[in-house]
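Source: prediction; values computed, not measured.
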Amino acid sequence: MPEHATTQLCYELYGAAGDPVVVMIHGLGGQLIDWPDWAINYFVNAGFRVLVYDQRDSGRSPRLIEAGVPDVLSISIGRRELAPYTLADMADDLVQLLDDLGIGRVHLVGVSMGAMVAQQFLIAQPDRVRSIVSMLGTTGRAGVGQPSELALAALLNPNPEEPLEVVVARPRSLAQRQAVASRVQRGKQRIRDAGIDDPYGSARQLAAILASPDRSTALASLDGLPALVVHGVIDPLVHVSGGFDTFRVLRASRLLLFAELGHDLPAWCWDRLASELLATIVQGEE
């Protein structure tokens with residue numbers, strides 16, 4: 001299906017009109033084309049529509065180029081007002097997209113930053129969520145889900161002689177992705193040219209994560225709904241404690257851990273993962 005634009009967001013919608021909708025939300029710098037076709041088809045063949053989209057500052061959705069390079073270090077130590085936007089704004093983007101498409105209640109599947117956007121959407125629009133799957137995410141609570149020093153160094157400063165503002169802006173390299181990948185997947189990634197004009201989009205998305213408040217109390221106050229939390233035990237970018245905290249606050253949630261999983265979703269975990277995702281989504285239809 002060709003790409004479309006509404007609310008200025010680029011999206012693709014698969015499946016039959018009238019089928020319940022699964023929204024798949026990618027992570028930092030991720031694009032709708034990063035979701036594997038077979039994963040989308042898996043849910044379509046099970047009787048669901050699948051909506052994938054590029055969030056602001058990624059893919060073919062609008063870039064906030066005028067916002068420039070955020071001061072990530074200052075934002076990380078409390079200067080939240082310096083961030084161009086927050087996760088709440090990104091969740092509002094999804095609300096507007098669904099409104100424009102005439103879609104009401106949905107199932108949310110988010111990975112990494114996408115999991116955090118899904119959590120924020122649930123907080124803001126609980127009546128529109130049938131089920132939620134939070135993968136490789138965290139609640140934003142202080143002290144949980146923190147990156148290892150090695151992962152943070154690889155992502156923010158692979159070359160110590162370069163200024164931080166240059167390094168943060170650079171698209172993630174093969175070496176950076178390998179630093180956070182699962183054990184059996186390292187060395188096997190292929191990096192494609194995304195054709196991005198503005199290299200600072202991922203930095204602004206990172207600023208949104210850092211500037212967003214703790215979601216744990218708000219999530220814990222919601223009624224229980226079918227929920228699945230997925231995490232890698234050896235995730236160096238979002239420590240597994242972020243997964244445990246998400247599991248703790250989402251009532252009636254289930255926790256799925258992969259012992260050899262880092263901060264990625266390699267092919268070897270998808271058989272188990274897909275079946276668990278589908279079980280959660282189907283439960284949300286009951």
Apply salt bridge (Lys or Arg N to Asp or Glu O under 4.0 Å) to Arg141 and Asp214, showing your working.
-> CA-CA 5 Å; Arg141 188 166 68 89; Asp214 178 0; 5.4 Å; no
Over all heavy atoms of both residues, which pair between [X] and [Y] is shortest? Give the atoms and the distance, please.
X	Y	answer
Leu261	Ile234	O-CG1, 3.1 Å
Ala115	Ser134	CB-OG, 3.4 Å
Gly243	Val229	O-CG1, 3.4 Å
Leu82	Ser74	CD1-CB, 3.7 Å
Gln8	Pro62	O-CD, 2.6 Å
Val240	His231	CA-CD2, 3.6 Å

Only one of Asp245, Leu122, Thr139, Leu222 clears side-chain contact (heavy atoms from CB on, under 4.5 Å) with Leu250; which?
-> Leu122
Side chain of [X], backbone of [Y]: donor and acceptor closer than 3.5 Å?
X	Y	answer
Ser61	Cys10	yes
Asp264	Pro266	no
Asp89	Thr86	yes
Asp34	Gly30	no
Gln119	Leu219	no
Arg130	Val106	no
Trp35	Ile40	no

Enter the distance from [X]:[atom1] to [Y]:[atom2] here, rounded to the nearest 0.5 Å.
X	Y	atom1	atom2	result
Tyr42	Leu273	OH	CG	9.5 Å
Gln125	Asp92	CD	CG	8.0 Å
Tyr11	Leu101	OH	CG	4.5 Å
Ser253	Leu228	OG	CG	8.5 Å
Leu256	Phe247	CG	CZ	11.0 Å
Met24	Met135	CE	CE	6.5 Å

[X]: side chain to side chain donor-acceptor pair (under 3.5 Å) partners, not counting sequence neighbours:
X	answer
Thr138	none
Ser76	none
Glu81	Arg79

Full working for salt bridge (Lys or Arg N to Asp or Glu O under 4.0 Å) between Arg128 and Asp99 = CA-CA 11 Å; Arg128 295 185 74 166; Asp99 287 347; 2.8 Å; yes
Taking it one step at a time, do Leu255 and Leu257 satisfy side chain to side chain contact (heavy atoms under 4.5 Å, CB included)?
-> CA-CA 6 Å; Leu255 178 63; Leu257 296 177; 3.9 Å; yes
Is it the case that His239 and Ser148 place a side-chain donor and acceptor less than 3.5 Å from each other?
-> no
Would you mind reporting whether [Y] and [X] have side-chain heavy atoms less than 4.5 Å apart?
X	Y	value
Glu260	Cys269	no
Glu276	Arg254	yes
Gln31	Arg60	no
Phe258	Val233	no
Leu210	Ile75	yes
Pro70	Pro84	yes
Val133	Leu108	no
Ser58	Gln205	yes

Given side chain to side chain contact (heavy atoms under 4.5 Å, CB included), test Tyr53 with Ile25 step by step and report yes or no.
-> CA-CA 7 Å; Tyr53 70 103; Ile25 314 171; 3.6 Å; yes
Residues Leu136, Leu265; criterion side chain to side chain contact (heavy atoms under 4.5 Å, CB included); working and verdict | CA-CA 9 Å; Leu136 312 181; Leu265 295 173; 4.2 Å; yes
Please step through side chain to side chain contact (heavy atoms under 4.5 Å, CB included) for the pair Ile65 and Tyr200, ending with a clear verdict.
-> CA-CA 8 Å; Ile65 297 175; Tyr200 299 111; over 6 Å; no
Within 45° cone of Tyr85 ring axis and under 6.0 Å: Arg56 NZ or CZ = yes
Can you hop from Met116 to Val144 via hydrophobic side chains spaced under 4.5 Å?
-> no
Answer yes if Val238 and Met90 sit in the same cluster of Ile, Leu, Val, Met, Phe, Trp and Tyr residues linked by side chain heavy atoms under 4.5 Å apart, and no otherwise.
-> no
Pair listing, side-chain hydrogen bond (donor to acceptor under 3.5 Å, both in side chains) test, anchored in residues 217-228, at least two apart | none
Got a sec, which residues hit side chain to side chain contact (heavy atoms under 4.5 Å, CB included) with Pro213, two or more places apart in sequence or on another chain?
-> Arg80
Side chain to side chain contact (heavy atoms under 4.5 Å, CB included) filter on Pro20, not counting sequence neighbours, yields Phe48, His107, Glu285
Are Asp57 and Arg204 within salt-bridge range, i.e. N to O under 4.0 Å?
-> yes
Within a reach of under 6.0 Å around CG of Asp37, are more than 12 heavy atoms found that belong to other residues, nucleotides or ligands?
-> no
